[in-house]
Amino acid sequence: MTTLRESFDGCRIIITCGPGGIGKTTSAAAMATAIAASEALRVLVLTVDPARRLADALGISGIGNEPQVVPLDGPGELSVAMLDPQSSWDALIRRQAADEETAERILRNVLYQNLTRRFVQSHDYIAMERLHELVTRDAWDLIIVDTPPTRNALDFLDAASRMADFFSSRFLKWIIAPTRSGVAGLATKPLTYIADRILGNQFLTDITEFFVLLNSMYDGFVERAREVESLLQDDTTKFLVVSTPEAIPTREAAFFDGELRKRNLRVGGWLVNRMLPQSLGSESVTTGVAVLAQADLNALATQLAADPSMLSEVRDRMVTLAEQFAILADNEQRMARDLATGPTPVFAAYTAEGEIDTLTGVTNFGRRLLLAERVLKFD
Amino acid sequence: MSFPSLGSHRLLFVTGKGGVGKTTIAAGLAQALASQGKSVLLVALDQRSEIGDAFGVSNLGFDPVRVSDGLSVMVLNTEAALQEYLKLNLKVPIVTKLGPLANAFDFLANAAPGVREILTIGKLCHEVRQRHYDVIVADSPATGHIVGYLAAPEAINSFVRVGLIRSQTDWMVEILHDPAQCGVVAVTTPEEMPVVETQQLLTTLAAETSVRVAAAIVNRMPEPVLRGPALALAETLVAERPGIFETEALEGIVTATRLAISRRAEAERQFDVLASVVNGSFPIITQPNVINAADSVAMTAIISESLAEEIS
């Protein structure tokens, strides 16, 4: 039977993607930790949204933009870094700008600051750009990337080519040289008119300056964008789709899976996180309920010096809870098997409550993820 | 302590971390308000929203669709909002699509400071002023982004020094800053990260805007397993597994109890964290962990009924 780790054997980049609130960041960090703890690999996990508790568990005070080594027992080495879009953009501009003065003018531009802070696509692009930069340092054997949980999270796949398109777009040329060509001039007019009426002319001055400056970096940007794209398409880059066994996250994850496949990117697996333990399935619970129904609780009550009626109240409540969980657990198993009929191998990971408070806890959770077995279509 | 009840507001922004059930709560809240005889407009601010699922309707767009008595739903689209704005304010006859400008507009709306935000907030405040509806419920961006929207009218004042918008932000600010009219509903689950994000939201909201929080909703609160000595007894049974509880066959029952106890305990802990941060400055409403809803429509009905009791 294939395990999750086997499905990603030989990868140099693993990109996790999925909706928010499903434990993606923790899973990425836990897998990286477990791999570094058991294999002689230098592993880096690049996260976007680290839980404070996770940083505490890894024994570091916080996670910053620069990779930081996490002290770990084992043959490998673990580093963590967090994506800070603003400083990554600033660094990129400094690298690409023709001279320091151009860089400074861009960094000071109001539009630039707003664009890099809030433009979602800019975060997607910089995440991939940052990945590329870290790969070229050649300091890690495996990089696990945790992507932003935006609804349009797949934009990061197209961010590079869109960035290239944008730079070569006629729109950009209109903005920069609105009056050079008659046709372009006409087309720009409503835009200028609207922008001027609504936003005032200061805005137009800022936007023009910004694009003129940015245009000077055109070649560098387009080349980088192409390199980033080929990195995503590399044989040793695989995607891990993550969801929980609930309807909405599953639907979103299925969308991700489909979009990745449409782009001919390699999907190594679909991790269904936080599944209820198999012992909660109705088969096991029904047997337990039958056994408990025949048990003599009076002896136990005496042994525990407990009120027999309270003991039976507790028993009844326990049976109800188990029966409720059994319905959920059965549904989850069915859902996982349904997913397994698709082209992507599905791996089930069981819930890890209260487990990730320590480095040992994180490592153990990561081991369980790596050893998660492929769910088969039929039981 | 008395607070303006949720039902007395004109504009409510429902926000929360991804995955906490923000949209479900927004739909349930809108439905609950409508069931009290109010006329309600539910607005999804995310263009890709699937809010229609909550009412079993599809293809919702900029034009409000009536989904039940007193409740209409629309999905906000900034391009359409701009067109409406231009028609109303500039008398610019752009009746067709913006066409080739759409891409440019889309880019601008993303890039230019506050354009998307001001069009969104502007449309919502416009609906408040129009009085076609008693209440506008906005299924808003996640906690990380909502403050950018609520601060937009003031932010744009500092950026745009002249122009038409400048003159219109005053009445928007007036609505947003009036706690009797407008409030944020912060949705969370009783889990660590969502509660941490809610705390961050409260801090930035107070630092960057004067918009008040109307209520926090703690969604998916697990029921107490047992109380007092009965709970202690259950804890002993699953920890020590005396007598019959030792048997392998009871593994499932023991695991279920252990899981239920630890989930409830963690939920209570997180609830207490939130309660100490809120410190009585607005009500905290809990919603049950609904596990038996047949589909999204049934879910909306359950949440709506449960919320109706809280907001009357």
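The analysis underlying the following values was restricted to heavy atoms, covering all of them including side chains, and did not include hydrogens, waters or symmetry mates. In what follows, chains are A, B, ... by sequence order, proteins preceding strands, each numbered from 1.
Residues in residues 228-249 of chain B take part in these side-chain hydrogen bond (donor to acceptor under 3.5 Å, both in side chains) pairs, two or more places apart or across chains: B:R241-B:E251.
Residue contact with chain B, scored on non-hydrogen atoms closer than 4.5 Å, involves the backbone and the side chain of A:L321 alike. In this structure, no portion of A:I327 lies under 4.5 Å from any heavy atom of chain B. For B:L237, the part sitting under 4.5 Å from any heavy atom of chain A is the side chain, from C-beta outward, and nothing else. With a 4.5 Å cut-off on non-hydrogen atoms, B:D53 touches chain A through its side chain but not through its backbone.
Ranked by heavy-atom pairs under 4.5 Å with chain B, the list A:P249, A:G288, A:A295 is led by A:G288. The candidate from A:L300, A:V319, A:T244 with the greatest count of non-hydrogen atom pairs under 4.5 Å with chain B is A:L300. Counting heavy-atom pairs closer than 4.5 Å to chain B, the top-ranked of the candidates A:I22, A:L328, A:L311 is A:L311. No other option in B:S296, B:A260, B:A234 has as many heavy-atom pairs under 4.5 Å with chain A as B:A260. The residue among B:T189, B:D295, B:T257 with the most heavy atom pairs within less than 4.5 Å of chain A is B:T257. Here B:A230 is the residue among B:A230, B:P194, B:A142, B:G19 with the most heavy-atom pairs under 4.5 Å with chain A.
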_Chi angles and distances behind the side-chain contact (heavy atoms from CB on, under 4.5 Å) call for B:L259, A:L280_ = CA-CA 10 Å; B:L259 203 55; A:L280 290 184; 3.9 Å; yes

*Check against side-chain contact (heavy atoms from CB on, under 4.5 Å), B:V238 and A:M318*: CA-CA 10 Å; B:V238 298; A:M318 287 173 79; 3.9 Å; yes

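Here the OG1 atom belonging to A:T287 is positioned 10.0 Å from the CG atom belonging to B:L250, to the nearest 0.5 angstrom. From B:T255, atom OG1 reaches atom OH of A:Y350 across 13.0 Å, with rounding to the nearest 0.5 Å. A distance of 12.0 Å separates CG in B:L233 from CZ in A:R315, rounded to the nearest 0.5 Å. Rounded to the nearest 0.5 angstrom, A:D296 CG and B:I244 CD1 are separated by 9.5 Å. For the atom pair CG of A:L297 and CZ of B:F245, the computed distance is 6.5 Å after rounding to the nearest 0.5 Å.
Listed for the A:R317 side chain is no donor-acceptor partner under 3.5 Å among the backbone atoms of B:L226.
Contact record, B:A256 with A:A322: CB-CA, 3.6 Å, taken as the closest heavy-atom pair.
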